Amino acid sequence: MKLLDGKTLFANIKGEIKTEVSQIIDRNERPPHLAAVLVGDDPASLSYVASKEKACRQVGITSSLYHYPENFTENELLQVIDFLNHDQDIDGFIVQLPLPPQIDPNKIILSISPDKDVDGFHPYNLGRMMMGQPNFIPATPLGIMQMLERHQIETKGKHCVVLGRSMIVGTPVSILLSRKAKPGNATVTLCHSYTQNLKEICLTADILIIAIGKPRFITADMVKEGSVVIDVGIHRIPDNTKEKGYMIVGDVDFEEVSKKAEWITPVPGGVGNMTIAGLLMNTLNAWKQRNIRQNIN
Ligand code: GUN
């Protein structure tokens, strides 16, 4: 078993971005600026946003947080987005999901300017990705593709089984892996809650990507010997033996599955880090595209 070490890769990617941002600052240009919008105080969202802000600081990207109470209305949020769409000092922004029930996430995503949509969730950006002309690729799928590419894991002709069809992870990653590109050219099976014979399908996977949000769902009997296992899940489960009272696990039973897999992501220290890496990459790209547009005009 070899670890798909997201922590080291994240450090490498941060180093590359930091070098580029330092060059921007040395030229007396404004560094890239990422804004995050958070509505409410969901603990997981607070923790994600804090990690994103920390990573921005580490590489010299300016970050700002727009934090609003749980009862913020859809119209108020649309006004904030309109402001961010027009602010010349902001290259990209994200609206942290999930949103409270009074706010329709689809309406919010549609209102984000595609040029600033560093989450890559706007239909314009998802459409471009499907056409093989990506603008911004959603951060977690981008991070997973980076992980495969930088570990030189062959995807061409391989059978990739993706568990979970969310717009954030499962659906985009299945499109990216089946594209005529490198990494890509895989045969992809996308499984979901209505899939029959799930275990049999998983056993045929050369590359298994799990994003279903169920702690330790994938057990060793579901995994082919010598396969690549990428675990997108992250859960806190009670553990009295730990000082914090909990431990972090993924969608995969790491201890058992790691005995069969050739490559496997740890949790924590795997895909979670790569999501932030993907977001930083998109933010730097947003800055570059903005500069190109400004130099043309
Ligand atoms: N919630 C969980 N993952 C994400 C993500 O990648 N972006 C946003 N905006 N919200 C999320």
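Because only heavy atoms are used, hydrogens play no part in the values below, and waters and symmetry mates are left out as well, while side chains stay in. Just follow the structure's listing: the first ligand is 1, and inside any ligand the first atom is 1. A quick note: this is a predicted structure, and the numbers were derived from the prediction, not measured.
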Give yes if a backbone or side-chain nitrogen or oxygen of [X] is under 3.5 Å from a nitrogen or oxygen of ligand 1, and no if not.
| X | answer |
| --- | --- |
| Val95 | yes |
| Leu97 | yes |
| Tyr48 | no |
| Lys52 | no |

Kindly check if the number of other-residue, nucleotide or ligand heavy atoms within 6.0 Å of [atom1] ([X]) is above 12?
| X | atom1 | answer |
| --- | --- | --- |
| Lys214 | NZ | no |
| Met130 | CE | no |
| Lys260 | NZ | yes |

heavy-atom search around atom 11 (C) of ligand 1 in the protein gives Gln96 NE2, 3.3 Å
What protein heavy atom lies closest to atom 7 (N) of ligand 1? Include the residue and the distance to one decimal. Asp119 OD1, 3.1 Å
Is Lys242 positioned over the aromatic face of Tyr246, cation under 6.0 angstrom from the ring centre and no more than 45 degrees off axis? no
Criterion side-chain contact (heavy atoms from CB on, under 4.5 Å) against Leu163, the qualifying member of Ile201, Ile209, Leu208: Leu208
